[in-house]
S.K.: 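Mind looking over this structure? Questions follow.
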Amino acid sequence: MKKLVAEVENLKAYYKVKGRILKAVDGVSLGLRDGEVLGIAGESGCGKSTLAMSLSGLFLPPLKYYGGKIKLKDIEISKMDRKLLRKNVLGKKISFIPQSAMNALNPTLKIRNFVIDVLKEHEPELSEEEIIDRVEERFDSLSLSKRVINSYPFELSGGMKQRVITVISTLMNPEILLADEPTSALDVSSQHQIIKLIKTLLERRIVKSVVFITHELPLLRHIADRIAIMYAGQIVERGTTSQIIFSPLHPYTKMLMSSIITPEKGMKGKELPVVSGSPPNLYEIVAGCRFAERCPYVTEECKINEIKFHKIGDREVRCLHPLTERNGINAAK
Amino acid sequence: MELLRSLIKSRKFLIGTSIFLALLLTSLIFPLVNSSDPLEMVGLLYEPPSAEHVLGTDNFGRDVLIEFIYGMKTSIFVGLVAGLIATLIGTTIGVIAGYVGRLTDNILNSTTNLFLVIPSFVILILLSSSLKSRSLLFLAIIIGITSWPWTARAVRAQTSSLRTREHINMAKLNGMNNFEIMLSEILPYVSSYIFMAFVLQVASGILSEAGLSMLGLGPSDVVSLGTMLSWALLYEAVRTGAWWAFFPPTIGISLITFSLLYMNTGMDEIFNPRLRGE
Amino acid sequence: MKRGVIFLSIVGILVLAAFAFAIGEFPRSETLYVNGLQWGPPTNWNPLAGNPSWPISAGSGRELIYETQFMYNMINGKLEPLIGEKYQWVDNLTLVVNLRKGVHWQDGEPLTSEDVVYTLELGKKYSTGWSNLWLYMKDVFTVGKYEYVVKLKPENPNRLVVTDMLVNVYVLPKHIWEKIEKDNNYDIKKIREFVNKNPIGSGPYKLYSYSPEKIALVRYDDYWGKSVFGKLPVPKYIVHPIFKSNDDGNLAFEKGNIDMSQQFVPQIWKMWEKGLPIATWYDHPPYYVPAMIPSLWFNLHKHPLDIPQVRKAIAYSINYAKIAQLAMTKYSPTAKSSLILPFGGEKKYFNEEAVKEYGWEYNPKKAEELLKSIGAKKGRDGIYVLKDGTRLGPFKVECPYGWTDWMVSLQIVAQSAKKIGIDIQTYYPDTPVWANDRMTGNFDMIMDTPAPNALPSQPWSRFYAAMYSKDVPPIGQLAFRNWGRYKNARADEIMEKIPTVTDENTLKSLYTELDKIYMRDVPIIGLEYRPALFYEYNTTHWTNFPNEKNPYAPPQICTDGAGIRALYEIKPKK
Amino acid sequence: MSPYFKYILGKLKWYVLIFFAALFLNFFLPRLIPGNPISALVAQMAGGGASSDVLNKLYNSYIHEFGLDHPWYVQFIDYVVKVFHGDLGTSFSLYPTKVNTILAQALPWTIALQVPSILLGWILGNILGALAAYKKGKFDGTLFPITLFVSSIPYFCFAIILLYLFGVILNILPIGGGYSMALTPTFSIVFLTDALKHYLLPFLSLLLVIIGGQAIGMREMSIYELNTDYVRYAKLLGVSDKKIIRYVFKNAMLPQITGLSISLGTMVGGALITEIVFSYPGIGTWLFNAIRQQDYPLIQGGTLVITISVLLANFLIDIVYGIVDPRIRASQLEE
């Protein structure tokens with residue numbers, strides 16, 4: 001087994017809005033190994049994007065850190081000074097690809113100037129020419145047109161923008177790349193290009209590991225090594241890609257897998273729920289299983305206590321009645 | 001319903017609305033309780049506040065407090081009517097320009113911009129000097145027809161962003177004509193913007209009335225906050241130190257405008273969640 | 001370095017130059033500041049132009065640059081000699097005027113009867129302010145250097161208007177204006193455009209400088225009057241700042257920056273109650289000397305205002321005392337139902353008994369009785385309806401926006417009428433609209449002053465402006481007097497007769513008869529008495545202004561008519 | 001042709017169009033006012049007792065002199081031709097003064113009052129708004145309602161209150177006019193300080209209201225920009241706050257620039273009332289008096305000068321905008 005590059009322990013990150021607390025990430029633990037792609041899947045509002053943000057260690061208000069650890073090798077970044085974090089970690093060790101490339105770049109700034117701003121922040125000794133040289137080289141090596149560097153963001157197509165952002169995010173060869181739905185707003189061929197690009201970056205060891213977040217579970221099949229399923233602020237199931245895709249244990253995973261997914265273009269933040277019913281109110285979390293409301297196999301027992309992880313072989317699942325691996329029939333019955 | 005609930009939750013909206021309603025209700029209920037004629041000349045020129053006349057008398061020897069309350073009613077009335085007219089015209093032009101697009105949009109948008117660039121207050125002054133009848137309604141209408149461009153602009157922007165939406169295409173495929181689409185597929189989606197624009201138009205209508213009246217172009221035989229100011233200025237209340245003649249209308253106009261703007265800000269934050277700073 | 005030195009020295013020079021410019025243009029102890037006589041920026045000093053600026057403007061600075069032949073004294077109604085020494089009606093059609101010898105123009109040329117005759121004839125040649133004289137004058141000719149004769153038309157011998165000429169027509173220098181006429185090709189349009197920046201008159205002052213903010217005059221030290229009056233006017237400069245609002249002017253006056261003001265200052269007594277050195281002619285109500293009668297005019301051709309009883313009912317409904325108190329802030333005695341002033345020069349014609357018997361006063365009860373007497377009934381809304389179903393109102397009553405005392409007067413009229421059941425609403429348009437409505441007869445009721453002048457021809461001019469029907473076109477066309485289009489043959493006859501009568505007893509009975517017709521028909525209602533000119537002074541910088549207790553000159557604002565004598569007597573304070 | 005030039009040309013076409021529309025409105029609107037300017041003029045010069053005949057003659061000769069006896073289209077063409085020769089005609093009410101002379105005297109006062117107050121108000125308002133958006137919390141919480149209230153007070157009400165406070169109660173500043181009556185406009189220290197004293201109140205009343213209005217707009221725009229994805233992304237890439245604020249400020253400013261150009265008309269309108277309240281010797285006071293007197297040439301001239309200045313200012317802003325916002329040039333390329 002490869003060594004861990006990052007470890008997350010019982011991470012709690014909540015939104016605090018007008019005195020009320022929304023528990024978007026509620027005790028998540030993860031391990032990320034060298035060279036792997038960890039997929040995180042879940043429907044919108046389950047907290048996966050918040051998790052991606054939190055993993056960077058930068059809690060932007062109204063998001064607040066409430067507990068747990070994020071360890072990057074030996075550095076504990078969850079409690080790091082924000083200035084130091086931004087200077088020494090972000091972009092350099094952990095980098096981020098945001099969800100909507102459309103608006104992720106300052107519309108009035110040329111790519112060139114943005115790149116200069118980013119690199120100067122981390123390596124002030126570089127001259128502008130050196131930076132541009134390095135960037136051009138990188139663009140070349142990833143077979144992206146160098147011309148792009150001198151463009152304004154609005155002069156680029158959506159797919160191109162997303163690729164440019166991916167390249168910018170990895171300019172400083174970060175160990176971890178957090179990709180938050182990098183493909184959700186794109187057409188199929190652009191999606192493929194992005195996935196190819198991420199794979200290339202991994203192969204060349206420009207990035208060491210990737211956390212790939214998406215609401216389209218099937219997409220992970222082509223890229224992820226392991227997958228964690230998230231529901232209502234928690235990880236509900238963890239396993240290898242084939243395990244999750246082909247023999248889900250949690251009823252929710254099963255539903256995610258079997259539902260038809262139709263992402264609507266241009267309607268960011270308003271994706272239709274992929275499974276029937278809606279996730280619980282994260283302001284007031286009920287006792288017991290958070291999926292109970294929507295679970296076809298729910299029993300009275302489910303609603304009493306918080307569900308802990310159960311080990312089934314080498315797999316873990318938060319369910320009292322996990323599905324059997326063979327045919328998806330509830331094991332307890 | 002949910003919208004209403006979220007509106008009530010906005011402190012800004014709530015404060016703005018309550019101030020506005022309080023002022024409006026005072027001006028509506030007071031005449032029912034107190035039947036004094038606001039035009040009655042009960043004293044002499046600029047008598048200072050006393051037990052009998054709490055806010056003193058004005059240049060006509062009238063009770064300033066009673067005038068103030070009636071004036072508020074007039075001003076709010078003019079504001080509402082002018083706002084309604086401006087919103088109607090602005091919405092019609094904005095929706096048509098934004099939805100139909102092309103040449104129609106070009107023409108309508110150019111007209112809108114023309115009226116935005118020419119100082120509308122000058123036009124307003126000229127138009128109202130040409131009025132033979134200085135009735136309240138006429139005044140409100142004139143203010144309305146000179147202030148629609150702002151609404152037209154906002155509505156047009158919203159409409160053109162809607163134009164390519166799925167549901168509009170579906171409506172087209174289902175054989176709806178343009179008019180029906182504008183009415184049933186576009187208006188509901190821009191209604192919150194229209195309402196916000198309406199609130200702003202009411203505020204600006206009240207200001208325009210006050211400005212016009214202050215220049216002596218206001219309604220005759222009716223007290224409005226603007227005419228009160230105009231008299232105060234004309235009859236040298238500032239020089240003679242009769243603060244009670246110009247202070248109440250100033251506060252009145254500012255409070256009404258403030259309440260409407262505050263209401264608008266509250267709504268803005270709800271309809272554009274990004275502004276909430278979350 | 002070098003550049004810096006140059007720069008500094010330039011700045012230094014500029015600063016020095018600036019100080020040199022600013023220091024004492026008008027030394028305070030030699031400058032009299034007046035205001036309220038000019039409202040817009042000055043445009044011209046051309047008496048032929050129609051709208052000349054102060055001090056050439058009508059009736060506010062008559063003896064400063066150009067002079068009239070005689071000076072009118074509004075207190076006793078007398079004509080005092082100036083350029084003219086004496087005048088005499090030798091018969092009903094012949095006026096002989098003798099001029100003073102030794103009068104000379106400011107360029108040194110002598111002033112003779114040639115100049116006067118030339119000036120009067122200009123009015124025949126062109127449309128000028130005094131062209132109307134030629135309706136009554138047949139001829140004017142000189143008799144030697146210092147005498148001239150006016151012959152009246154036997155068919156229209158109006159002696160009153162011709163006498164007015166002696167105090168309100170400026171005498172112009174022939175040798176200068178002949179040239180101006182010629183230079184402009186005798187085209188009146190071009191002559192009117194002549195600004196006359198450097199007017200050469202016969203008076204004690206010359207135009208010194210002007211700008212949109214002020215007009216300044218400087219004393220002409222070779223004034224012919226120096227030898228006659230034994231001295232020159234005291235102020236070396238007279239400056240008239242032009243304020244854009246009453247507020248500014250009144251504040252400047254209050255602060256002592258203005259010495260003499262002709263502005264309407266509401267409740268002026270409050271200023272001296274505050275301890276300011278301010279006074280008016282009287283130190284008690286009405287504070288000013290009343291001279292005109294701002295009135296309410298009816299459209300006599302609009303039903304139901306064509307019914308005299310309706311007009312009279314309105315006359316009874318109006319609270320005249322309130323108008324005097326509130327609108328005029330006590331500057332007016334309570335108005336009586338007569339077109340003759342019960343004060344000053346015309347008091348002798350005022351017939352108290354006739355007014356008592358035929359006139360009206362504030363009496364709402366009587367007003368309603370009058371309406372009931374013609375069969376009017378009160379409608380449910382409290383407004384009377386005539387037998388023919390005509391509702392009494394809404395009538396519009398009109399005066400210009402910004403004429404503050406008038407606006408209040410009309411508010412009182414409206415409120416008074418409302419109380420007895422007549423619906424009157426106020427309307428305050430801009431002045432041109434009001435002026436036009438007035439002339440075309442496009443009004444229900446309108447406020448205006450008939451013959452707003454203090455002239456020897458009063459009260460005849462007032463009756464004439466209000467009631468004379470000849471040459472007055474019907475409603476819809478432009479009239480220039482008699483806005484209501486009143487018509488009464490006997491009244492016309494009396495008005496034609498009065499200017500030819502010299503016997504005081506006959507005059508008195510004619511005026512009484514005319515006034516009775518007025519009170520019977522109520523074509524207009526006098527609302528208040530107003531001074532021709534407001535006259536208030538501040539003694540911070542100048543003292544010894546004339547007033548009731550020291551009446552060495554009439555309250556004609558120190559610069560007009562006989563009032564100019566004050567300029568010789570006021571004293572600088574330090 | 002460079003796209004930028006094309007953009008400017010496109011704008012220019014549009015301004016020429018507006019100019020002609022304004023020319024038309026300027027001519028016709030004053031003529032809608034009932035009554036006519038000559039009756040007032042004649043009435044003013046006619047003492048009581050003058051005969052109808054004489055006044056009638058006077059009246060007709062004036063109507064002819066002012067060209068009011070021609071049909072409207074002749075008058076209009078005459079007016080347009082004269083405008084293009086730089087001649088705005090002769091004032092009625094201040095006959096025989098040229099409108100050009102009057103406006104030339106008034107314009108410097110108006111420019112001196114409006115340009116600095118609008119520009120400074122705009123700049124200060126934007127800084128204040130950006131600050132409120134950035135600092136949030138109590139700063140914003142107290143500042144926002146105050147600013148909103150200040151901007152709710154109409155220009156003229158503000159002017160009256162300032163007048164009362166400083167001119168009457170404290171008695172330290174003059175209550176009207178452009179300079180003291182004892183002075184003549186010269187380039188002198190005494191005159192300049194005096195003019196400055198008269199300047200202060202109208203300037204302040206304009207400035208404060210404009211600051212209020214602009215700050216509110218900027219605050220909103222900045223909050224919006226602060227919450228955009230690009231800010232988040234830049235932060236996640238470790239870009240410092242200093243740089244991010246620069247992005248936000250610039251981007252929030254851009255709509256404020258268009259905002260300035262659009263609200264310029266309103267601001268100028270507001271400033272005109274301020275001039276009237278303070279009897280400031282600028283265009284507003286003149287224009288208003290002209291309207292009162294139905295002085296067509298002066299009304300036309302005044303409104304024309306105002307329209308041209310607003311158009312010019314807008315055009316300048318458009319040029320600047322085209323330079324600072326790359327998106328404008330791009331959108332021009334697409335067409």
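Here the structure is a predicted model, which is why all the values come from computation and not from measurement. Just so it is clear: chains get the letters A, B, ... in the order the sequence lines come, proteins before strands, and each one is counted from 1.
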S.K.: For D:I299, is it the side chain, the backbone, both or neither that has a heavy atom under 4.5 Å from a heavy atom of chain B?
M.R.: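 Answer is side chain: those atoms of D:I299 sit under 4.5 Å from chain B.
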S.K.: Can you check whether D:I161 reaches B:F247 side chain to side chain, under 4.5 Å on heavy atoms?
M.R.: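 Yes, at least one pair of side-chain atoms sits under 4.5 Å.
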S.K.: Measure the shortest side-chain to side-chain distance between D:F144 and B:T265 over non-hydrogen atoms and say whether it is less than 4.5 angstrom.
M.R.: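 Heavy-atom side-chain distance check passes, below 4.5 Å.
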S.K.: Check B:V238 against D:L163 and note the closest heavy-atom contact, atom names and distance.
M.R.: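 For B:V238 versus D:L163, the nearest heavy atoms are CG1-CB, 4.1 Å.
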S.K.: Decide yes or no for D:I160 and B:L233: does some side-chain heavy atom of the first lie under 4.5 Å from some side-chain heavy atom of the second?
M.R.: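 D:I160 reaches B:L233 side chain to side chain.
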S.K.: Which pair of non-hydrogen atoms, one from D:S152 and one from B:S254, has the smallest distance, and what is that distance?
M.R.: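 So the two residues come closest at CB-O, 3.6 Å.
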S.K.: Taking side chain as everything from C-beta outward and backbone as N, CA, C, O, which of these in B:I256 sits under 4.5 Å from a heavy atom of chain D? Side chain, backbone, both or neither.
M.R.: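 Neither part; nothing is under 4.5 Å.
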S.K.: Could you report the tightest heavy-atom contact between B:L217 and D:R292, atom names first, then the distance?
M.R.: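 Distance-wise, the nearest heavy atoms are CD2-NH2, 4.2 Å.
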S.K.: Distance from D:L148 atom CG to B:S259 atom OG, nearest 0.5 Å?
M.R.: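 Going from CG on D:L148 over to OG on B:S259, the span is 10.0 Å.
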S.K.: Got a second to check how far B:I123's CD1 is from D:L25's CG, nearest 0.5 Å?
M.R.: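 Separation between the atoms: 5.5 Å.
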S.K.: Considering residues, nucleotides and ligands other than B:F195, do more than 12 of their heavy atoms fall under 6.0 Å from its CZ?
M.R.: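 No, the 6.0 Å shell around CZ holds no more than 12 heavy atoms from other groups.
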S.K.: If you round to the nearest 0.5 Å, how far is OG1 of B:T250 from OH of D:Y164?
M.R.: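 Result: 12.0 Å between the selected atoms.
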S.K.: Please round to the nearest 0.5 Å and tell me the distance separating atom CD1 of B:I251 and atom CD1 of D:I153.
M.R.: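 Result: 7.0 Å between the selected atoms.
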S.K.: So which bits of residues 205-213 of chain B come within less than 4.5 Å of chain D, counting non-hydrogen atoms only?
M.R.: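 B:L207, B:A210, B:G211 fall under the 4.5 Å cut-off.
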S.K.: What part of B:F246 is in contact with chain D, defined as an atom under 4.5 angstrom from a non-hydrogen atom: side chain, backbone, both or neither?
M.R.: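 Just its side chain gets close to chain D.
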S.K.: As an exercise, state the distance from CD1 of B:I125 to CD1 of D:I276, rounded to the nearest 0.5 Å.
M.R.: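 Going from the CD1 atom of B:I125 to the CD1 atom of D:I276 covers 5.5 Å.
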S.K.: Could you state the interatomic distance from OG1 (D:T303) to CG (B:L126), rounded to the nearest 0.5 Å?
M.R.: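 That separation rounds to 6.5 Å.
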S.K.: Where does D:Y155 contact chain B at under 4.5 Å (heavy atoms): side chain, backbone, both or neither?
M.R.: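 Neither; nothing under 4.5 Å.
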S.K.: Testing the basics here: between D:P145 and B:Y262, what is the closest heavy-atom pair and its distance to 0.1 Å?
M.R.: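 That would be CG-OH, 3.6 Å.
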S.K.: Just distance, no hydrogens or angles: give the donor-acceptor pairs under 3.5 Å from side chains in residues 13-23 of chain B, sequence neighbours left out.
M.R.:
from  : atom 1 : to    : atom 2 : distance (Å)
B:T17 : OG1    : B:F13 : O      : 2.5
B:S18 : OG     : B:L14 : O      : 2.3

S.K.: Is D:I169 in contact with chain B via its backbone, its side chain, both, or neither, using a 4.5 Å heavy-atom distance?
M.R.: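 Neither part; nothing is under 4.5 Å.
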S.K.: With a 4.5 angstrom heavy-atom cut-off, is it the side chain or the backbone of D:L32 that approaches chain B, or both, or neither?
M.R.: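 Both parts, backbone and side chain.
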S.K.: Under a 4.5 Å heavy-atom cut-off, does chain B meet the side chain of D:I18, its backbone, both or neither?
M.R.: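 It is both, since atoms from each part get that close.
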